[in-house]
Amino acid sequence: MASIKDVAAEAGVSVATVSRVLNDHPSVSEDARTRVLAAVEALGYRPNAVARSLRTDQTRTLGLVISDVLNPYFTELARSVEEEARALGYSVIIGNADERPDLQDHHVRTLLDRRIDGLLVSPTDGGSPLILDAARAGTPMVFVDRWIPGVDVPVVRSDGRAAVRDLVAHLHGLGHRRLAIIAGPAATTTGSERVEAFRAAMAEYGLPLPDAYIGQGDFQAESGRRVTEGFLDLPEPPEVVFAADNLMALGALDAVRARGLRVPQDIALAAFDDIRWFVHTDPPITAIAQPTGELGRAAVRALVDRIEGRPPQSVTLPARLVVRRSCGEPVPQEPPAPEEFPASAEPSPAMNRSQT
C-alpha cells in the first residue's frame, strides 16, 4: 500500500506539500496540487482517516440514531442521510434504538466516544439526560423527524397537521362519521402531535371522538393489532381506523383480516407514513406521505453547516394526503387506450383536460 512519502516522491514535492493538498490548504500552488493529485490517483493512495482526525480533530463521520430500523420510513430516512453525507464527504454510523430510550442512549454514548463530528437523532422520548447534556456541551446535533421540546437544537421534520385535516375531510366526504385513531407514544413529539391534529380535525367537522376510539400504540405492528382488536370488540365499532404510523397500520390490517372482515367493505383503514408496500396491498392503502428523502438530506445539510461553522437552520416540510382505495373511495376509471384516438391526430387539449 502506498504511503504519503511515496506520493511525495512520485509528485516531486515534500511530504508537507502532500499533506497541505490533502487537507485543501490554500497556500499550495496549482501546479503542485495537480501533481500531487495525479500521484495520489496513480498510486491508489488512501489517507489514513484515523491519523488525519488526530491532526485536524475531525473524523469526517456523522452519527445517526434512528428509532426503528425495521420501520420502512426510517430505513428510507437513513438511506437519504447516508447518500447526502457521502456527497458532502462524510461517512455515517447508524444506531438502531428499536423505540427503546435505554438503547438510544447506548448508541449516543458509543458514537460520542468514537469522536464523531456531529449527531443526528430521532428521539424515542422527550427527556434523555444524555442527549440534553450533549446538546448543552455544544455537540453539533440535529433532531430529525422527532425532537425534544425546549432543547436548543435545529429540528428537521415534516408538519402533518394539514394532511391529517385533509384526511378527516376526505373521510367525512365519503360519509364516514365514526373515526378511530391508533396513537403513537405520547412521550414522542410525533405521537402527541398526530393525535392532537386528529382531535382538532374531528372537532372542526363536528365529529365525536370518544375515548374508546383513541387507542394507545407504540409505533410497532403488534400494538396496531392489539388496539384494532379492541376497536372491533366495541358495541359500536368505528367505521374507520387511522393508524398514526405504517407499522401500526399493518398490524391493524392483520387484525381485520383475522376476523374475516374486509377493507373497506366492513371497516376502512388509513395510515400516517406512506410506504411503497401500501400500493401493493389489496386494496391499496390511503395514507399520509412525508417527504422522507428530503428530510434526510436537509438534516445532513443542517448538521454539516453546524460542524463547519455556518448557522444551521431548522426545516419544516409539509406532509400530504395520498388517496387510494382503503376507505371506500370509488375505483378510478381506466383512461382510454391510446389506440382509441384517431391514428392520424394527437388527442386535443380538451380531451386531455377531460382525463385529468
**Student:** According to ring pair (Phe, Tyr, Trp, His ring centres under 6.0 Å), does anything in residues 244-267 pair up with another residue at least two apart or in another chain? List the pairs.
**Tutor:** none
**Student:** Taking atom CZ as the centre, does Arg324 end up with more than 12 heavy-atom neighbours from other residues, nucleotides or ligands that are less than 6.0 angstrom away?
**Tutor:** yes
**Student:** Check whether any side-chain N or O of Arg35 sits under 3.5 Å from a backbone N or O of Ala11 as a donor-acceptor pair, and report yes or no.
**Tutor:** yes
**Student:** Among all residues two or more places apart in sequence or in another chain, which pass the ring-ring contact (aromatic ring centres under 6.0 Å, His included) test with His172?
**Tutor:** Tyr205
**Student:** Looking at Asp113 and Arg109, does any basic side-chain N land under 4.0 Å from a carboxylate oxygen?
**Tutor:** no
**Student:** Checking Glu10 side chain against Ala39 main chain: does a donor-acceptor pair fall under 3.5 Å?
**Tutor:** no
**Student:** Could you report the tightest heavy-atom contact between Gly138 and Arg306, atom names first, then the distance?
**Tutor:** O-NH2, 2.8 Å
**Student:** Would you say Ile94 and Val69 make side-chain contact, with heavy atoms under 4.5 Å?
**Tutor:** no
**Student:** Measure the spacing between OG of Ser223 and CD1 of Ile182 and express it to the nearest 0.5 Å.
**Tutor:** 7.0 Å
**Student:** Using modelled atom types and a 3.5 Å cut-off, is there a donor and acceptor pairing between side-chain atoms of Ser314 and backbone atoms of Val155?
**Tutor:** yes
**Student:** Going from CD1 on Ile148 to OG1 on Thr189, what distance comes out if it is rounded to the nearest 0.5 angstrom?
**Tutor:** 9.0 Å
**Student:** Run the salt-bridge test on Glu99 and Arg146 with the 4.0 Å N-O cut-off and return the result as yes or no.
**Tutor:** yes
**Student:** What distance do Ile307 atom CD1 and Leu62 atom CG have between them, rounded to the nearest 0.5 Å?
**Tutor:** 5.0 Å
**Student:** Are Leu111 and Val121 linked, directly or through intermediate hydrophobic residues, by side-chain heavy-atom contacts shorter than 4.5 Å (ILVMFWY only)?
**Tutor:** yes
**Student:** Taking salt bridge (charged side-chain N to carboxylate O under 4.0 Å, His left out) as the criterion, tell me which of Glu83, Glu76, Glu82 meets it with Arg79.
**Tutor:** Glu83
**Student:** Between Ala299 and Leu120, what is the shortest heavy-atom contact and its length?
**Tutor:** O-CD2, 3.6 Å
**Student:** Out of Thr286, Leu250, Val322, which residue meets the side chain to side chain contact (heavy atoms under 4.5 Å, CB included) rule with Phe278?
**Tutor:** Leu250
**Student:** Mind checking what makes side-chain contact (heavy atoms from CB on, under 4.5 Å) contact with Ala180, not counting sequence neighbours?
**Tutor:** Tyr213, Phe231, Pro238
**Student:** Within this structure, what is the CZ-CE distance for the pair Arg177 and Met202, rounded to the nearest 0.5 Å?
**Tutor:** 10.0 Å
**Student:** Any side-chain to backbone donor/acceptor pair from Ser122 onto Ser67? Under 3.5 Å, distance only.
**Tutor:** no
**Student:** Shared ILVMFWY cluster between Val144 and Ile93, side chains joined below 4.5 angstrom?
**Tutor:** no
**Student:** Can you check whether Leu167 reaches Phe198 side chain to side chain, under 4.5 Å on heavy atoms?
**Tutor:** no
**Student:** Between Phe219 and Asp68, is any pair of side-chain heavy atoms under 4.5 Å apart?
**Tutor:** no
**Student:** Can Val256 be reached from Trp277 by stepping across I, L, V, M, F, W or Y side chains whose heavy atoms are under 4.5 Å apart?
**Tutor:** yes
**Student:** For the side chain of Arg194 and the backbone of Ala183, is there at least one donor-acceptor N/O pair under 3.5 Å apart?
**Tutor:** no
**Student:** Indicate yes or no: at least one non-hydrogen side-chain atom of Val164 is less than 4.5 angstrom from one of Phe272.
**Tutor:** yes
**Student:** How far apart are the closest heavy atoms of Leu247 and Pro72, and which atoms are they?
**Tutor:** CD2-CD, 4.0 Å
**Student:** Measuring from Asp218:CG to Met248:CE, what's the distance to the nearest 0.5 Å?
**Tutor:** 7.5 Å
**Student:** With a 4.5 Å cut-off on side-chain heavy atoms, are Ser326 and Pro264 touching?
**Tutor:** no
**Student:** Answer yes if Val168 and Phe242 sit in the same cluster of Ile, Leu, Val, Met, Phe, Trp and Tyr residues linked by side chain heavy atoms under 4.5 Å apart, and no otherwise.
**Tutor:** yes
**Student:** Does the side chain of Pro140 come within less than 4.5 Å of Leu303's, by heavy atoms?
**Tutor:** yes
**Student:** Taking all non-hydrogen atoms of both residues, which atom of Leu269 and which atom of Ala252 are closest, and how far apart?
**Tutor:** CD1-CB, 4.0 Å
**Student:** Below 3.5 Å, can you tabulate the donor-acceptor pairs from side chains in residues 291-298 to any protein atom, sequence neighbours excluded?
**Tutor:**
unit_1	atom_1	unit_2	atom_2	d
Thr292	OG1	Gln290	O	3.2
Glu294	OE1	Arg297	NE	3.4
Glu294	OE2	Arg301	NH2	2.6

**Student:** Atom CG in Leu317, atom CZ in Arg157: separation rounded to 0.5 Å?
**Tutor:** 10.0 Å
**Student:** Quick one: side chain to side chain donor-acceptor pair (under 3.5 Å) partners of Arg199, sequence neighbours excluded?
**Tutor:** none
**Student:** Is any side-chain heavy atom of Val300 less than 4.5 Å from a side-chain heavy atom of Tyr90?
**Tutor:** no
**Student:** Do Ile288 and Ile181 sit in the same hydrophobic cluster, where Ile, Leu, Val, Met, Phe, Trp and Tyr count as joined when their side-chain heavy atoms come under 4.5 Å apart?
**Tutor:** yes
**Student:** Applying the side-chain hydrogen bond (donor to acceptor under 3.5 Å, both in side chains) test to Arg100, which of Asp102, Asp98, Asn96 qualifies?
**Tutor:** Asp102
**Student:** Can you name the closest pair of heavy atoms from Met141 and Pro154 and give their distance?
**Tutor:** O-CD, 3.5 Å
**Student:** Mind jotting down which residue pairs meet the side chain to side chain donor-acceptor pair (under 3.5 Å) criterion with at least one end in residues 244-260? Sequence neighbours excluded, please.
**Tutor:** Asn71-Asp245, Asn71-Asn246, Arg225-Asp254, Asp233-Arg259
**Student:** Looking at Ala268, is its backbone amide N or carbonyl O close enough to the side chain of His176 to form a donor-acceptor pair, meaning the two atoms are under 3.5 Å apart?
**Tutor:** no
**Student:** Tell me if a side-chain donor or acceptor on Gln216 pairs with a main-chain N or O of Gly184 at a distance below 3.5 Å.
**Tutor:** yes
**Student:** On a heavy-atom basis, which atom in Val18 and which in Ala8 lie closest, and how many Å separate them?
**Tutor:** CG2-CA, 3.7 Å
**Student:** When you measure from the side chain of Thr316 to the backbone of Asp159, do you find a donor-acceptor pair of N or O atoms at a distance under 3.5 Å?
**Tutor:** no
**Student:** Within a strict 4.5 Å, meaning less than it, do heavy atoms of the Leu232 and Leu261 side chains meet?
**Tutor:** yes
